[in-house]
Peer 1: 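Have a look at this one.
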Amino acid sequence: MTNPVQDFHEEEEDDQGEVYLDEADIIGEVDVDDEDLPDADDEIIDEPDDSMHIFTGHTGELYTVACSPTDPTLVATGGGDDRGFLWKIGQGDWAFELQGHKDSVSSLAFSTDGQLLASGSLDGIIQIWDITSQNLKCTLEGPGGGIEWVRWHPRGHLVLAGTEDSMVWMWNADKGSYLNSFLGHGSSVTCGDFTPDGKTICTGSADATLRIWNPKSGENIHLVQGHPYHTAGLTCLAISSDSTLAVTGCEDGSIHVVNIVTGKVVSSLPSHSDSVECIELAPSSPWAAIGGMDNKLIIWDLQHSLARSTCDHEDGVTCLTWLGGSRYLATGCGDGKVRLWDSLSGDCVRTFNGHSESIQSLSVSANQEFLVSVSTDGTARVFEIAEYK
């Protein structure tokens, strides 16, 4: 007995022509709305990349970025490939490698006048680079542990650094000479800076203390510790523009405000539920922006110790920066997204996609038209923010 299906296929192969349906073959008709039809563009695709420039010179995770305070296009980045780079926004063919470090480049900072760049590494070395000549000006040695952070004096070429071996060091970068060291912390010095008036130094440590120093004499003016202060390691600090207050965050989520002059805790802000990762004070108002691993950015009114806005994220808030003197600020998140927030309303006004892994550091260009982010995905990305000035 012959197989009708097999016969049909054999006939079809023999015919090789087009097969048409007669009206009698139509079983029924179904109305389909055009909007229900899949569009070629609706297929699952990666999120758009909102960056206008991508720097891909590194070969490992990126940890730090600094924009020049004077050149709107100049950017410095550093990371886990033991390298730093100077490069320019919109000029993909120009880059200068900061060679010589033997471990991760953990911190970068331009001097206030933009003439010098300090690159600090976990190899315990700080290199000073002359921006105009692109030459290594000097190497600052002394620390036995890795460099946690580097800061410049607000009105001179003095460099301050905190290290993993509990020390704070200060050098004259013009002469490449050691000036002072500040001994007292019992663990890694995780955060620190000069006060804006340049007269005092504040440093925070994993030993749960804040120390306030005289830069010239090296004297420890105040030691802030114990109740009602932090009971776990400090992670970050910010100093008010009038040099009177230090706001410190802790790995246990606590936040305290200290009077730098008296060394007294003046207020304690209701805690985050996880480690506080970043604090920045608004340049033009008594507001503090604080981000934590509890996926929250909280904007505080320091005068009244009140939370103005709580801004929820999809992952931990790893870094943040105010956009100049505007009402807007940017956050970097563990989900790889950079978000812009209106500090008055608490609304997210823009989400920048492009990175595939956690954001580690943010910096705003000198003309406040560009925001640069670096990520553990190995790239630096530039986003346009001119409309949020």
Peer 1: With a 4.5 Å heavy-atom cut-off, do Pro196 and Pro154 have their side chains touching?
Peer 2: no
Peer 1: What's the spacing between Asp312 CG and Ile298 CD1 if we round to 0.5 Å?
Peer 2: 9.0 Å
Peer 1: Please, which pairs that meet salt bridge (charged side-chain N to carboxylate O under 4.0 Å, His left out) have at least one residue in residues 185-208, sequence neighbours excluded?
Peer 2: Arg151-Asp193
Peer 1: Looking at Val258, Val276, Ile279, Ile239, which one forms a side chain to side chain contact (heavy atoms under 4.5 Å, CB included) with Val247?
Peer 2: Ile279
Peer 1: Are Thr70 and Gln115 side-chain neighbours, meaning at least one heavy-atom pair lies under 4.5 Å?
Peer 2: no
Peer 1: Grouping I, L, V, M, F, W and Y whenever their side-chain heavy atoms are under 4.5 Å apart, do Val159 and Ile147 come out in a common cluster?
Peer 2: yes
Peer 1: How many angstroms lie between CG in Asp49 and CZ in Phe383, if you round to the nearest 0.5 Å?
Peer 2: 6.5 Å
Peer 1: Just do the side chain to side chain contact (heavy atoms under 4.5 Å, CB included) check on Arg308 and Trp287 with the steps written out, would you?
Peer 2: CA-CA 9 Å; Arg308 288 188 54 89; Trp287 294 357; 3.2 Å; yes
Peer 1: Go through it in stages, so that I can follow the logic: the residues are Trp322 and Ser343, the test is side chain to side chain contact (heavy atoms under 4.5 Å, CB included), and I'd like the CA-CA distance, side-chain angles, deciding distance and then a yes or no.
Peer 2: CA-CA 9 Å; Trp322 289 89; Ser343 65; 3.7 Å; yes
Peer 1: Can you label the angle between the Phe85 ring and the His58 ring as parallel, tilted or perpendicular, going by 30° and 60°?
Peer 2: perpendicular
Peer 1: Shared ILVMFWY cluster between Val364 and Val65, side chains joined below 4.5 angstrom?
Peer 2: no
Peer 1: Of all heavy-atom pairs between Phe110 and Ile131, which one has the smallest distance, and what is that distance?
Peer 2: CE2-CD1, 3.7 Å
Peer 1: Is the side chain of Ser326 donor-acceptor paired with the backbone N or O of Leu323 at a distance under 3.5 Å, no angle test?
Peer 2: yes
Peer 1: Evaluate Trp169 against Tyr178 for ring pair (Phe, Tyr, Trp, His ring centres under 6.0 Å), listing each step before the verdict.
Peer 2: CA-CA 8 Å; Trp169 297 76; Tyr178 160 85; 5.8 Å; yes
Peer 1: Is the shortest heavy-atom distance from the side chain of Thr112 to the side chain of Arg155 under 4.5 Å?
Peer 2: no
Peer 1: May I ask you to decide if Gly92's main-chain N or O and His53's side chain share a donor-acceptor pair within less than 3.5 Å?
Peer 2: no
Peer 1: Verify whether one side chain among Thr73 and Gln91 offers a donor that lies under 3.5 Å from an acceptor in the other.
Peer 2: no
Peer 1: Would you say Ser275's side chain and Glu277's backbone share a donor-acceptor pair under 3.5 angstrom?
Peer 2: no
Peer 1: Please name the pair of heavy atoms, one in Cys319 and one in Leu362, separated by the smallest distance, quoted to 0.1 Å.
Peer 2: SG-CG, 3.8 Å
Peer 1: Taking atom NZ as the centre, does Lys389 end up with more than 12 heavy-atom neighbours from other residues, nucleotides or ligands that are less than 6.0 angstrom away?
Peer 2: yes
Peer 1: Check whether any side-chain heavy atom of Phe194 lies under 4.5 Å from a side-chain heavy atom of Met170, and answer yes or no.
Peer 2: yes
Peer 1: Measure up the His313 and Trp341 rings against each other and bin them: parallel (under 30°), tilted (30 to 60°), perpendicular (over 60°).
Peer 2: tilted
Peer 1: Locate the shortest heavy-atom distance separating Ser373 from His355; write the atom from each residue and the value.
Peer 2: OG-NE2, 2.8 Å
Peer 1: Check for a donor-acceptor pair, side chain of Ser104 on one end and backbone N or O of Asp82 on the other, with a separation under 3.5 Å.
Peer 2: no
Peer 1: Are any non-hydrogen side-chain atoms of Leu179 and Trp171 less than 4.5 angstrom apart?
Peer 2: no
Peer 1: Do Ile260 and Ile201 belong to the same hydrophobic cluster, where Ile, Leu, Val, Met, Phe, Trp and Tyr are linked whenever their side-chain heavy atoms lie under 4.5 Å apart, directly or via other members?
Peer 2: no
Peer 1: Would you say the side chains of Thr209 and Gln225 form a donor-acceptor pair under 3.5 Å?
Peer 2: no
Peer 1: First locate atom NE2 of His222, then atom CG of Asn214, and finally report the distance between them rounded to the nearest 0.5 Å.
Peer 2: 11.0 Å
Peer 1: Donor-acceptor pair, Thr235 side chain versus Gly249 backbone, under 3.5 Å?
Peer 2: yes
Peer 1: Where does the angle between the aromatic ring planes of Tyr229 and His256 fall among parallel (under 30°), tilted (30 to 60°) and perpendicular (over 60°)?
Peer 2: tilted
Peer 1: Check whether Ile126 and Trp152 end up in the same hydrophobic cluster, where Ile, Leu, Val, Met, Phe, Trp and Tyr are linked by side-chain heavy atoms less than 4.5 Å apart.
Peer 2: yes
Peer 1: Flag the pair Val168 / Leu160 as yes when at least one side-chain heavy-atom distance between them is below 4.5 Å, and no otherwise.
Peer 2: yes
Peer 1: Between the side chain of Ser111 and the main-chain N/O of Leu116, is any donor-acceptor distance below 3.5 Å?
Peer 2: yes
Peer 1: For Leu62 and Ala380, work out which heavy atoms get closest and say how close.
Peer 2: CD1-N, 3.7 Å
Peer 1: Can you see which heavy atom on Val265 is nearest to which on Pro228, and at what distance?
Peer 2: CB-CG, 4.1 Å
Peer 1: Counting distance only, does the side-chain N/O of Asp165 pair as donor-acceptor with the main-chain N or O of Pro143 below 3.5 Å?
Peer 2: no
Peer 1: Assess the residue pair Lys337 and Asp315 against the criterion (salt bridge (Lys or Arg N to Asp or Glu O under 4.0 Å)); give the C-alpha distance rounded to whole Å, side-chain angles, the decisive distance to 0.1 Å, and a yes or no.
Peer 2: CA-CA 9 Å; Lys337 299 186 190 307; Asp315 205 330; over 6 Å; no
Peer 1: What is the distance from atom CD of Glu384 to atom OG of Ser365, rounded to the nearest 0.5 Å?
Peer 2: 10.5 Å
Peer 1: Would you mind reporting whether Leu210 and His230 have side-chain heavy atoms less than 4.5 Å apart?
Peer 2: no
Peer 1: Before giving the answer on side chain to side chain contact (heavy atoms under 4.5 Å, CB included), spell out for Arg339 and Cys333 the whole-Å C-alpha distance, their side-chain angles and the decisive distance to 0.1 Å.
Peer 2: CA-CA 8 Å; Arg339 295 174 174 87; Cys333 185; 3.6 Å; yes
Peer 1: Out of Val349, Leu371, Leu329, which one pairs with Tyr388 under the side chain to side chain contact (heavy atoms under 4.5 Å, CB included) rule?
Peer 2: Val349
Peer 1: As an exercise, state the distance from CG of Leu122 to CD of Glu164, rounded to the nearest 0.5 Å.
Peer 2: 5.5 Å
Peer 1: Examine Leu108 and Leu136 and state if one hydrophobic cluster contains both, with Ile, Leu, Val, Met, Phe, Trp and Tyr joined whenever side-chain heavy atoms are less than 4.5 Å apart.
Peer 2: yes
Peer 1: Do Trp94 and Leu86 have side-chain heavy atoms sitting under 4.5 Å apart?
Peer 2: yes
Peer 1: Kindly give the heavy-atom pair with the smallest separation between Val372 and Cys67, and that separation in Å.
Peer 2: CG2-SG, 3.7 Å
Peer 1: Main chain of Glu357, side chain of Ser375: is a donor-acceptor contact present, judged purely on distance under 3.5 Å?
Peer 2: yes
Peer 1: Hey, is the main chain of Thr244 close enough, under 3.5 Å, to the side chain of Ser240 for a donor-acceptor pair?
Peer 2: yes
Peer 1: Using modelled atom types only, decide if a donor and an acceptor are shared between the side chain of Thr318 and the backbone of Gly334 within a distance under 3.5 Å.
Peer 2: no
Peer 1: Roughly how far apart are Ile290 CD1 and Lys296 NZ, rounded to 0.5 Å?
Peer 2: 14.0 Å
Peer 1: If you apply the rule side chain to side chain contact (heavy atoms under 4.5 Å, CB included), what do you find for Asp50 with Arg350, and how did you get there?
Peer 2: CA-CA 11 Å; Asp50 298 314; Arg350 185 70 196 269; 3.9 Å; yes
